[in-house]
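Both backbone and side-chain heavy atoms feed into the values below; hydrogens, waters and symmetry mates do not. Predicted model, so just to flag it, every value in this text is computed and none were measured. Note that ligands are numbered from 1 as they come in the structure, with each ligand's atoms numbered from 1 the same way.
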Amino acid sequence: MTDPEIHKGLAGVVVDTTTISSVNPETNSLLYRGYPVQELARHCSFEEVAYLLWHGELPTDDELEAFESLERSMRRLDDRTRRALDDIPASAHPMDALRTAVSQLGGLDATLQQPDGILDRDLNEGRALYLLAQLPAIVAYIQRRKRGLDPVEPRDDLDYSRNFLWLTFGEVPDDVVVDAFRVSLILYAEHSFNASTFTARVIASTLSDVYSAVTGAIGALKGPLHGGANEAVMHAFDEIGTADRAAEWLDTALAEKRKIMGFGHRVYKNGDSRVPTMREALVTLVEHYDRQELLDLYDALESAMAERKNIKPNLDYPSGPAYNLMGFDTETFTPLFAAARVTGWTAHIFEQYAANSLIRPLSQYTGPTERHLER
Ligand code: SDX
């Protein structure tokens, strides 16, 4: 019997079909339900994109009005969720607190115990919208608690992006900041079978519930090879300091065999299709806050990495400094990624439920041959 071909990390392996998004490295493009993500980032609200990912079509005006109204009605944190967050040391990483809070939301959802309560599509669409509405309040609560600040109550007169910023900072920033934030959320929302989404699909494939699948996805996203990279980019910028030190820092890091956070991608090998749009948003923030030195550092490290490794940035590279300029704590960056990606995760969970097929790959055993106890 010939040895089976092994595909470590499932690299290059097509495991299923999806109608949600197309990541095309040949054309360096990303489509959400057929629409180029750049067009969606330029012309749509995050609410419209969430609706598109879940329903396959952009909402009509009436559908959007109803969607926004329902989302705004779900924004307030339950006191029991606040208590669950308060029981976690303020020193814990925000992704750990976020993971706990989502798990807590599952524990509070009594409809899971109804007959077919786990798989009912209407219940799950409601849960997905509830998670969309709750994550900003949870992420903001965690950051404000770390800063010793009281939580801020959500406002139903604000759209999703402005309410998120209001909850976090207690004020609504200028439109240029709101728009950069909106763009980042749309770019982060969905990316086919990335590690956290595939984690969610594996959990959903066992017919477990949506909260369990999202909790698992949060755990996967936390890793620095995946969502945790945007936080790690900012730590690297803090280490480097100024643009003139970027090349020297990179040479040292590469000599130490370190992965340079924010660079490289398993699928895109000629650059991440989302980076130009996110870099444009970063530039608007650099101009707004007069922080040219940050953009100089960004460009210096990108150039040095291109010269030495010919590896291009991924979305986490521009989003890190952008979130820094918006005022978010560095440890809040990946929770922001999670708050956006919960739309993609739940769209894939629904698709996996509909596929109704358990995900269970094979492995090739290379351990000790059969042996027996001498007792
Ligand atoms: C995200 O999948 C998705 O779609 C994810 C995502 C999404 O929207 O969901 O796009 C979000 O997770 C983006 C990626 C964020 N992670 C990082 O920025 C961490 C740094 N990046 C690397 O760890 C790496 O690029 C990966 C993990 C992202 C991809 O790695 P691959 O495809 O498995 O490639 P590899 O690790 O096998 O690297 C091939 C070569 C190696 O050199 P050799 O050992 O063959 O000599 O390129 C080198 C690697 O060492 N390399 C890097 C590098 N990325 C690749 N070397 C230094 N720094 C890097 N960043």
[atom]: which protein heavy atom is closest, and how many Å away?
{"atom": "atom 27 (C) of ligand 1", "result": "Leu225 O, 4.2 Å"}
{"atom": "atom 36 (O) of ligand 1", "result": "Lys259 NZ, 3.0 Å"}
{"atom": "atom 58 (N) of ligand 1", "result": "Ile260 N, 2.8 Å"}
{"atom": "atom 33 (O) of ligand 1", "result": "Arg266 NH2, 2.8 Å"}
{"atom": "atom 15 (C) of ligand 1", "result": "Asp316 OD2, 3.2 Å"}
{"atom": "atom 24 (C) of ligand 1", "result": "Phe263 O, 4.2 Å"}
{"atom": "atom 6 (C) of ligand 1", "result": "His265 NE2, 3.7 Å"}
{"atom": "atom 48 (C) of ligand 1", "result": "Ile311 CD1, 3.9 Å"}

Q) Applying a strict 4.0 Å limit to heavy atoms, is Pro224 in contact with ligand 1? A)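 It does, in that a heavy atom of Pro224 comes within the 4.0 Å cut-off of ligand 1.
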**Q.** ligand 1 contacted by Arg308 (non-hydrogen, < 4.0 Å)
**A.**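 No, Arg308 has no heavy atom closer than 4.0 Å to ligand 1.
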Q) What's the shortest heavy-atom distance between Thr18 and Glu351, and which atoms? A)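 Of all heavy-atom pairs spanning Thr18 and Glu351, the closest is OG1-OE1, 2.6 Å.
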Q. How close do Arg72 and Asp156 get, heavy atom to heavy atom, and via which atoms?
A.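 Smallest heavy-atom distance, with atoms named: NH1-O, 3.1 Å.
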(Q) Tell me whether atom 4 (O) of ligand 1 lies less than 4.0 Å from at least one protein heavy-atom position. (A)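 Flag for atom 4 (O) of ligand 1 set to true, protein heavy atom closer than 4.0 Å.
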Q) Are any of the protein's heavy atoms under 4.0 angstrom from atom 10 (O) of ligand 1, yes or no? A)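 Flag for atom 10 (O) of ligand 1 set to true, protein heavy atom closer than 4.0 Å.
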Q: Pull out every atom of ligand 1 sitting under 4.0 Å from any heavy atom of Gly264, numbered as shown with elements.
A: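 Listed by number with element: 25 (O), 28 (C).
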Q. Under 4.0 Å from any heavy atom of Asn194, which atoms of ligand 1 are there?
A.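 The atoms of ligand 1 under 4.0 Å from a heavy atom of Asn194 are 2 (O), 3 (C), 4 (O), 5 (C), 9 (O).
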Under a 3.5 Å distance rule, please check whether [X] uses its side chain to pair with a backbone N or O of [Y] as donor and acceptor.
{"X": "Ser69", "Y": "Ala66", "value": "no"}
{"X": "Glu190", "Y": "Ser192", "value": "yes"}
{"X": "Arg121", "Y": "Phe350", "value": "no"}

In terms of heavy-atom contacts, does [atom1] of [X] have more than 12 from other residues, nucleotides or ligands at under 6.0 Å?
{"X": "Arg360", "atom1": "CZ", "value": "no"}
{"X": "Glu65", "atom1": "CD", "value": "no"}
{"X": "Gln364", "atom1": "CD", "value": "yes"}

When only distance counts, is [X] in polar contact with ligand 1, meaning an N/O pair under 3.5 Å?
{"X": "Lys269", "answer": "yes"}
{"X": "Arg258", "answer": "no"}
{"X": "Met261", "answer": "no"}

**Q.** Phe193/His348 aromatic ring centres below 6.0 Å
**A.**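 They qualify: ring centres under 6.0 Å apart.
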Q) Taking atom 14 (C) of ligand 1 as the point of reference, which of Leu187, Asn230, Asn314, Leu315 owns the nearest heavy atom? A)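 Minimum heavy-atom distance to atom 14 (C) of ligand 1 goes to Asn314.
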Q: For atom 8 (O) of ligand 1, state which one of Lys8, Glu190, Arg274, Lys309 supplies the nearest heavy atom.
A: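 Checking each option, the heavy atom nearest atom 8 (O) of ligand 1 is found in Arg274.
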Q) Any side-chain donor paired with an acceptor under 3.5 Å for Glu231 and His235? A)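 Distance-only check passes for Glu231 and His235.
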Q. Should Ile20 and Leu58 be regarded as members of a common hydrophobic cluster, given that ILVMFWY residues are connected when their side-chain heavy atoms come within less than 4.5 Å of each other, either directly or indirectly?
A.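 Yes, because Ile20 and Leu58 connect within a single hydrophobic cluster, where side-chain heavy atoms sit under 4.5 Å apart.
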(Q) Among Tyr323, Tyr317, Tyr188, which residue satisfies the ring-ring contact (aromatic ring centres under 6.0 Å, His included) criterion with Phe333? (A)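 Per the ring-ring contact (aromatic ring centres under 6.0 Å, His included) rule, the option paired with Phe333 is Tyr323, out of Tyr323, Tyr317, Tyr188.
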